[in-house]
Protein chains: 2
Amino acid sequence: MMNIISHTATVPISALFQTLGVAPRLEILLAIGAGEACVCHLEAALGYRQAFISQHLMALREANLLETRREGRFVYYRLADRRILDVLAQAGALLGQAVAVQFSPVAACECPNCATTKVARLCPDPLIGEQERVA
Amino acid sequence: MMNIISHTATVPISALFQTLGVAPRLEILLAIGAGEACVCHLEAALGYRQAFISQHLMALREANLLETRREGRFVYYRLADRRILDVLAQAGALLGQAVAVQFSPVAACECPNCATTKVARLCPDPLIGEQERVA
DNA sequence: AGATTATATTCATCATGATGAATAGATTAT
DNA sequence: ATAATCTATTCATCATGATGAATATAATCT
């Protein structure tokens, strides 16, 4: 008997969830947010090793969640589809947990993206005003 | 430096995704949908072994996604929060995949829930008209 | 009480995948 | 060309958890 809730229909969705089932990957997605981030930026912002970040970026890319753009030595990652943020927000809401999405320049990162916006660091708490979105 | 995107904030969300990263569990959640289902129903509807179903039900329960109600020999499972269906729907939408939620009586299931609605089986394809929700 | 049915749990196995370490590749600067 | 920097990949290890098999518990029925 055929069922609309087929196994094959749920497999790709479960695969997506499986990819999202690793905390550092969520941190990466949220750190990228609506913007763009290079590996070195994520490294500085999240405090993980370079290879560690790269490995998870690869996993997210293979899940078609990220796209890349190379600019010189830097590789910039951005969300392939921002609706992934809605998925995260909804999951967070279910747990009564707000999910903050943001891109914030990091002092330790020397990439052009951070360099141009680095003035913001002069503020006492630069993160406060920059929160783009809470769901 | 403190970051709004903290590791501890993403851990519970990733744990939720990890729980959802198994296809049969999604099948179970969708089979329950807005209704209620006993193990024997899921067994018949999805075609898995009893212990298999039970094990995944336990995982979903430990993730606080399901609640139970006992009625005689039968234990009925229902969603603890229907917003989980929105999470599934959004994930499905991201993949261009419609997610159908439904509870349909199954001939092979003798539980009261199925017995009372079993008349519907007389239709050539009882599943068609019963699709409750597509997102 | 014993039998039957529905569900839960335990245990062992096995595959998967996350992580760390080391290294390779790619690009720019000197 | 060499060095320096940024990123990717490979390899080995290890822990986790999904599954199957078997059994235990719970409730009802005769």
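Order of the sequence lines sets the chain letters (A, B, ...), proteins ahead of strands, with each chain counted from 1.
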Rounded to the Å, how far apart are Leu26(B) CG and dA18(D) C1'?
14 Å
Whether Glu27(B) and Arg25(B) form a salt bridge (side-chain N of Lys/Arg under 4.0 Å from carboxylate O of Asp/Glu) is what I want to check.
no
Watson-Crick or G-U counterpart of dT13(C), or none if no pair lies under 3.5 Å:
dA18(D)
Taking atom types as modelled, find out whether Tyr48(B) and His7(A) have a side-chain donor-acceptor pair closer than 3.5 angstrom.
yes
Ionic contact status for Arg49(B) with Glu43(B), cut-off 4.0 Å
no
Would you list the protein and nucleotides 27-30 of chain C atom pairs, both N or O, that sit under 3.5 Å from each other?
none

Measure OH/Tyr76(A) against P/dT7(D) and give the value in whole Å, please.
8 Å
Within-4.5 Å side-chain heavy-atom neighbours: Ile32(A) and Leu66(A):
yes
May I have the distance from Arg69(A) (atom CZ) to dC6(D) (atom P), rounded to whole angstrom?
16 Å
Would you kindly give the CD-to-P distance between Glu27(A) and dT19(C), to the nearest whole Å?
10 Å
Let me know the distance between CD of Glu62(B) and P of dG17(D), rounded to the nearest Å.
11 Å
Hits for side-chain hydrogen bond (donor to acceptor under 3.5 Å, both in side chains) against Arg73(B), two or more places apart or cross-chain, chain-then-number order -> none
Kindly state each residue pair satisfying salt bridge (Lys or Arg N to Asp or Glu O under 4.0 Å) with at least one member in residues 57-68 of chain B, sequence neighbours excluded.
Glu67(B)-Arg78(B)
Between Tyr77(A) and dA8(D), is there a contact of a side-chain N or O with OP1 or OP2 at under 4.0 Å?
yes
Return yes if some donor-acceptor pair links the side-chain N/O of Gln50(A) with the main-chain N/O of Val39(A) below 3.5 Å, else return no.
no
Please produce a list of atom pairs where a protein N or O lies less than 3.5 Å from an N or O of nucleotides 12-16 of chain D.
none

Tell me, do Val99(B) and Leu85(B) make a side-chain contact under 4.5 Å, heavy atoms counted?
no
Rounded to the Å, how far apart are Phe17(A) CZ and dG17(D) P?
18 Å
All side-chain hydrogen bond (donor to acceptor under 3.5 Å, both in side chains) counterparts of Asp81(A), not counting sequence neighbours:
Arg83(A)
Scanning all shown strands, the Watson-Crick or wobble mate of dT30(D) with both distances under 3.5 Å is dA1(C)
With a 4.0 Å heavy-atom cut-off, tell me which residues in residues 47-61 of chain A come close to DNA chain C, sorted by residue number.
Arg49(A), Ala51(A), Phe52(A), Gln55(A), His56(A)
CZ/Phe52(A) to CG/Leu46(A) distance, rounded to the nearest 0.5 angstrom?
9.5 Å
Any donor-acceptor N/O pair, Arg70(A) side chain to Tyr76(A) backbone, under 3.5 Å
no
Given dT19(D), dA18(D), dT7(C), which nucleotide is nearest the side-chain atoms of Pro24(B)?
dT19(D)
